[in-house]
Enquirer: 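Mind looking over this structure? Questions follow.
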There are 2 protein chains.
Amino acid sequence: MSGLEGALAHARARKDEHLAEFRAFVQIPSISTLAAHQEDMHRAAAWLEGQLKALGLPDVRILPTQGHPVVYGASEPVPGAPTVLVYGHYDVQPVDPLNEWESDPFGAEIRGDYIYGRGVSDMKAQILAQIKAMDAVAAQGGIPVNLKYLIEGEEEIGSPHLGAFIEAHKDLLACDVVLNCDGGIHSKDVPAITYSLRGLAYFELEIETAKKDLHSGLFGGSVRNPLHVIAEVVAGLHDGSGKVTVPGFYDKVRPLDEEERELLARLPYSDEHWCEMAGVRALHGEAGYTTVERVGARPTLEANGLWGGFIGEGAKTVLPARAYAKISARLVPDQDARDVKGQLEAYLARVVPADVTWRLHEHSTGPGAVMSRDSIFMESARKSLAEVFGQEPLFKREGGSIPVVGLLQEALGVDSVMLGFELPDDGIHGPNERHYVPNYFRGIETYIRYLYHVAGSAQ
Amino acid sequence: MSGLEGALAHARARKDEHLAEFRAFVQIPSISTLAAHQEDMHRAAAWLEGQLKALGLPDVRILPTQGHPVVYGASEPVPGAPTVLVYGHYDVQPVDPLNEWESDPFGAEIRGDYIYGRGVSDMKAQILAQIKAMDAVAAQGGIPVNLKYLIEGEEEIGSPHLGAFIEAHKDLLACDVVLNCDGGIHSKDVPAITYSLRGLAYFELEIETAKKDLHSGLFGGSVRNPLHVIAEVVAGLHDGSGKVTVPGFYDKVRPLDEEERELLARLPYSDEHWCEMAGVRALHGEAGYTTVERVGARPTLEANGLWGGFIGEGAKTVLPARAYAKISARLVPDQDARDVKGQLEAYLARVVPADVTWRLHEHSTGPGAVMSRDSIFMESARKSLAEVFGQEPLFKREGGSIPVVGLLQEALGVDSVMLGFELPDDGIHGPNERHYVPNYFRGIETYIRYLYHVAGSAQ
């Protein structure tokens with residue numbers, strides 16, 4: 001039996017154990033954005049530290065950042081072999097609206113072929129599948145490449161401290177390629193490789209019209225209502241054709257050439273299926289582009305949250321003093337988050353009346369990225385997916401943002417290979433997030449094959 | 001010593017006791033809109049029942065409604081004397097935003113000349129001052145009119161069940177005039193009588209674009225964002241000159257004639273002082289009208305609450321499925337709340353895209369009212385205020401809404417005399433609501449004088 005076959009057999013014999021550990025990982029509510037889960041974040045990091053130590057890695061550490069810590073690991077050096085840096089994150093999104101969940105978000109309940117819970121698909125399944133794959137490889141007499149782990153705890157809040165961390169640990173993280181497990185495939189049985197990601201710039205806007213809340217009867221009709229001001233601001237971000245109106249927003253957007261438009265047009269997407277996945281009656285977006293182009297290659301600027309005034313049950317006749325919006329842009333190459341902030345500020349200065357105070361706070365930013373489709377690392381990924389799924393993977397652009405891809409490109413000069421098994425209809429970030437359990441096991445096999453292909457290609 | 005003088009002396013000798021009972025009343029958190037305060041509502045009703053019984057009224061009852069109960073009372077009949085129905089409410093507004101209060105909203109803390117707490121000014125001070133006044137009158141050998149009490153528990157949620165209650169108890173409530181204590185004066189030492197009120201129509205709007213929340217990266221750019229749809233709806237309610245754009249909204253608004261415009265122009269309001277009270281840098285409202293006219297004689301249509309998406313701390317990249325707004329209109333004669341609902345529905349049908357679901361729920365409605373300024377009841381109020389404050393009261397239009405005034409007018413055919421001591425800068429409905437303590441005592445004296453003047457005028 002070859003190392004590859006031995007590793008596959010090793011993994012196949014341990015499915016129950018791998019699923020039980022997956023559930024245990026999901027049951028740690030590692031919500032990075034909520035201070036109340038600080039302790040859970042530490043538990044999740046320690047749990048992963050234990051997993052990496054169990055692989056037999058000689059160097060496993062929890063490294064501090066200004067925020068949540070990074071879990072780091074490195075295998076026994078193999079001189080001459082390529083160095084693969086595995087990237088993942090152990091944090092998850094908040095769970096609200098809680099009342100829309102059909103089971104405990106941290107219960108990791110299994111119903112049919114799916115496991116349900118916050119973070120199952122984004123991305124506890126992926127990072128754990130990769131670790132379990134390495135466990136099988138290690139059992140064959142050692143890992144044949146230089147393997148490193150960088151597992152952060154702040155991806156879901158935009159990785160605010162990861163840039164500084166990478167800068168401070170360039171030598172520790174030096175590698176030939178990043179294996180980024182935070183990706184997805186096209187549909188249950190159709191593999192795919194993401195070669196492009198959108199960036200993210202996330203802001204919070206505060207509008208203040210008065211010092212205190214007022215009575216809408218006594219003052220209504222005589223003073224500004226901040227809810228109306230913020231409604232004007234948000235409504236004014238787009239024109240009737242779905243284009244962002246903020247001046248300069250599209251200036252640095254790299255146009256799609258005809259070749260890539262043709263490639264993207266070949267993806268087996270249908271607007272009908274997209275509607276179904278999204279749970280909407282009709283699609284809507286920037287005029288002049290297909291859905292695949294809008295999501296993968298065009299930027300957005302939109303509200304993720306909006307609030308102000310009385311939002312409880314019943315009726316309260318208040319004229320509030322303040323209103324708020326969370327506004328984020330999905331960026332594409334070569335947009336710069338700093339430019340976008342400046343454009344938004346100029347827009348606000350023009351749209352918000354002079355007697356109203358506004359404040360724009362930046363939560364996080366990260367650039368978009370497009371990766372080469374021709375490297376041995378990308379080729380190894382293609383081959384592994386084709387073998388496990390029995391069909392060639394699609395190459396796709398991803399609408400989501402994974403800031404670390406851009407950060408690692410800038411700091412270490414390396415591309416990332418996106419290899420993960422999330423599905424578009426897993427409902428990540430929403431209620432009832434789920435993961436297709438058979439693909440957790442296919443993931444383990446894919447990561448095993450990937451390692452041997454990378455080791456083999458490099459010889 | 002006359003009855004009047006005896007009653008005044010009786011009240012003056014009991015100031016400490018009257019203040020202590022006022023504080024005890026405020027300390028019951030009778031928030032009608034929140035289910036969690038159901039028990040407190042019962043406590044407040046029972047507390048008032050005890051107060052009315054202590055007056056020696058032979059008939060005191062807590063009468064059920066479909067919602068919170070009414071506290072009713074009637075004095076010993078005096079044949080031939082006028083019947084005065086005292087109206088008040090024992091419920092209060094919610095307290096949020098709680099973090100902006102400088103002391104416990106139900107602590108009834110006294111700082112300087114003010115007492116602070118939710119409901120102190122709206123309207124526990126007033127209804128209790130009226131009861132304490134009757135206590136002093138009763139001690140002079142009996143109450144010389146037919147006195148009745150109607151103290152409801154749903155004013156702050158728009159009195160949804162009061163109309164049915166009044167219809168069902170017309171005989172019990174029959175009277176010659178309503179003494180409505182839920183009013184205010186112009187400033188600390190300047191008395192005023194409100195002769196006109198705006199009505200209220202309060203709605204809740206839900207916008208639904210998808211079945212579930214989506215990931216803003218995966219779907220952003222391809223589906224509608226309900227926050228943008230609701231922003232368009234709210235922003236579109238007004239044009240640049242502050243006019244409501246909803247077709248038909250102004251059709252039935254009774255225009256102000258030149259005589260009344262002149263009368264209102266004589267009120268000692270200044271825009272500067274109004275800005276200061278409101279805590280704003282500039283005023284804003286419908287073009288073509290003064291501030292006094294905008295607040296007292298012109299209708300509004302505006303949002304009191306707006307929410308959707310992620311509104312917690314930090315960043316969540318969600319594309320929500322739903323957005324909500326609380327929208328209310330302040331109505332003036334002869335607008336009809338049903339017409340306004342229809343107009344709003346027609347507006348929504350036009351503005352909301354066809355692939356988006358909207359629902360408009362009605363919380364409560366009540367018409368506006370204008371009262372005669374020439375009756376003996378109004379004259380008694382004028383005289384009482386002039387005597388207590390040492391100057392003639394102003395006659396003013398009020399921007400707030402007191403549905404019961406219109407309801408009683410319709411059901412019993414009687415006018416209401418508005419006689420209360422709330423101040424425009426008491427911060428009712430907002431944090432740090434306060435009441436000017438000296439006017440609590442002036443209130444008691446005014447209500448004593450009012451009773452004797454009404455009894456005397458009718459002889």
Side-chain angles (χ1 to χ4, degrees), chain A residues 33 93-94 157-158 202 209-225 227-228 231-232 234-235 278-285 291 294-295 298 300 302-311 314-318 326 330 355 363-364 399-401 424 428-431, chain B residues 33 93-94 157-158 202 209-225 227-228 231-232 234-235 278-285 291 294-295 298 300 302-311 314-318 326 330 355 363-364 399-401 424 428-431:
Chain A
T33 201
Q93 284 276 322
I157 53 173
Y202 200 110
T209 52
K211 290 201 197 96
K212 57 178 179 184
D213 288 359
L214 299 168
H215 183 288
S216 75
L218 296 186
F219 290 94
S222 71
V223 298
R224 283 195 194 276
N225 183 325
L227 304 177
H228 293 209
E232 294 267 8
V234 171
V280 300
R281 277 189 264 161
L283 299 179
H284 178 75
T291 303
R294 285 170 181 163
V295 170
R298 299 293 299 174
T300 66
E302 61 187 335
N304 303 105
L306 187 61
W307 72 103
F310 183 63
I311 64 177
K316 186 176 182 220
T317 49
V318 68
K326 310 243 185 198
R330 293 286 170 172
D355 55 303
H363 274 297
S364 63
S401 307
I428 69 167
H429 293 208
Chain B
T33 201
Q93 285 277 322
I157 53 175
Y202 200 110
T209 53
K211 289 199 198 97
K212 57 181 180 179
D213 287 0
L214 299 168
H215 183 290
S216 76
L218 297 186
F219 289 94
S222 71
V223 297
R224 284 194 193 277
N225 184 325
L227 304 178
H228 293 208
E232 294 268 7
V234 172
V280 300
R281 276 189 267 162
L283 298 180
H284 178 75
T291 302
R294 285 170 181 163
V295 170
R298 299 293 298 173
T300 64
E302 61 186 334
N304 304 107
L306 187 62
W307 73 104
F310 183 64
I311 64 177
K316 184 176 184 221
T317 49
V318 69
K326 310 242 185 200
R330 294 286 171 172
D355 56 300
H363 274 296
S364 64
S401 307
I428 69 167
H429 294 209

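Worth knowing before you read on, the calculation uses all heavy atoms, side chains too, and leaves out hydrogens, waters and symmetry mates. Below, chains carry the letters A, B, ... as their sequence lines are ordered, and counting in each starts from 1.
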Enquirer: List in chain and number order the residues that pass side chain to side chain donor-acceptor pair (under 3.5 Å) with B:K326, two or more places apart in sequence or in another chain; answer none if no residue qualifies.
Expert: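 Per chain and number, B:K326 pairs via side chain to side chain donor-acceptor pair (under 3.5 Å) with B:E204.
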Enquirer: For the pair A:N225 (side chain) and B:A303 (backbone), establish whether a donor and an acceptor sit closer than 3.5 Å, ignoring hydrogens and angles.
Expert: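 Flag set: sc A:N225 to bb B:A303 pair under 3.5 Å.
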Enquirer: With only heavy atoms counted, which part of B:H228 is less than 4.5 Å from chain A, the side chain, the backbone, both or neither?
Expert: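 When you check distances to chain A, atoms from both the backbone and side chain of B:H228 fall under 4.5 Å.
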Enquirer: Give, for atom CG of B:L214 and atom CD1 of A:I428, the distance between the pair rounded to the nearest 0.5 Å.
Expert: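 Spacing of CG (B:L214) from CD1 (A:I428) equals 10.5 Å.
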Enquirer: Can you tell me how far apart CZ (B:R281) and OG1 (A:T209) are? Round to the nearest 0.5 Å.
Expert: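 If we round to the nearest 0.5 Å, B:R281:CZ and A:T209:OG1 are 10.0 Å apart.
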Enquirer: Quick check on the interface: out of A:S216, A:P431, A:G400, who has the most heavy-atom pairs with chain B under 4.5 Å?
Expert: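 Ranked by heavy-atom pairs under 4.5 Å with chain B, first place is A:S216.
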Enquirer: Looking at CG of A:L227 and CD of B:E302, how far apart are the two atoms once the value is rounded to the nearest 0.5 Å?
Expert: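 Answer rounded to 0.5 Å: 8.5 Å.
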Enquirer: For the interface with chain A, which of B:A282, B:G430, B:A231, B:G309 has the highest count of heavy-atom pairs at distances below 4.5 Å?
Expert: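 Max contact count across the listed options: B:A231.
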Enquirer: Relative to chain A, which of B:R294, B:H363, B:K316 shows the most heavy atom pairs under 4.5 Å?
Expert: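 Highest number of pairs under 4.5 Å: B:K316.
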Enquirer: Between B:G220, B:S364, B:G158, who has the most heavy-atom pairs with chain A when the cutoff is under 4.5 Å?
Expert: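 Option with the top pair count is B:G220.
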Enquirer: Would you mind checking which part of B:T300 comes under 4.5 Å of any heavy atom in chain A, side chain (CB onward), backbone (N, CA, C, O), both or neither?
Expert: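 Side chain of B:T300 only, per the 4.5 Å heavy-atom cut-off to chain A.
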Enquirer: At a 4.5 Å cut-off on heavy atoms, which part of A:P424 comes close to chain B: side chain, backbone, both, or neither?
Expert: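 Answer is backbone: N, CA, C or O of A:P424 sit under 4.5 Å from chain B.
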Enquirer: Are B:V280 and A:R224 close enough, and set up right, to give a side-chain contact (heavy atoms from CB on, under 4.5 Å), and what steps lead you there?
Expert: CA-CA 9 Å; B:V280 300; A:R224 283 195 194 276; over 6 Å; no
Enquirer: Would you mind checking which part of B:R298 comes under 4.5 Å of any heavy atom in chain A, side chain (CB onward), backbone (N, CA, C, O), both or neither?
Expert: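 No part of it gets close to chain A.
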Enquirer: Among B:L306, B:V234, B:D213, B:L218, which has the most heavy-atom pairs under 4.5 Å with chain A?
Expert: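 The residue among B:L306, B:V234, B:D213, B:L218 with the greatest pair count is B:L306.
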Enquirer: I'd like to verify something: which residue of B:Q93, B:H215, B:K211, B:K212 has the highest number of heavy-atom pairs under 4.5 Å with chain A?
Expert: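 The candidate making the most pairs under 4.5 Å is B:H215.
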Enquirer: Between B:Y202 and chain A, which part of the residue has a heavy atom less than 4.5 Å away: side chain, backbone, both or neither?
Expert: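 For B:Y202, the side chain is the part near chain A, not the backbone.
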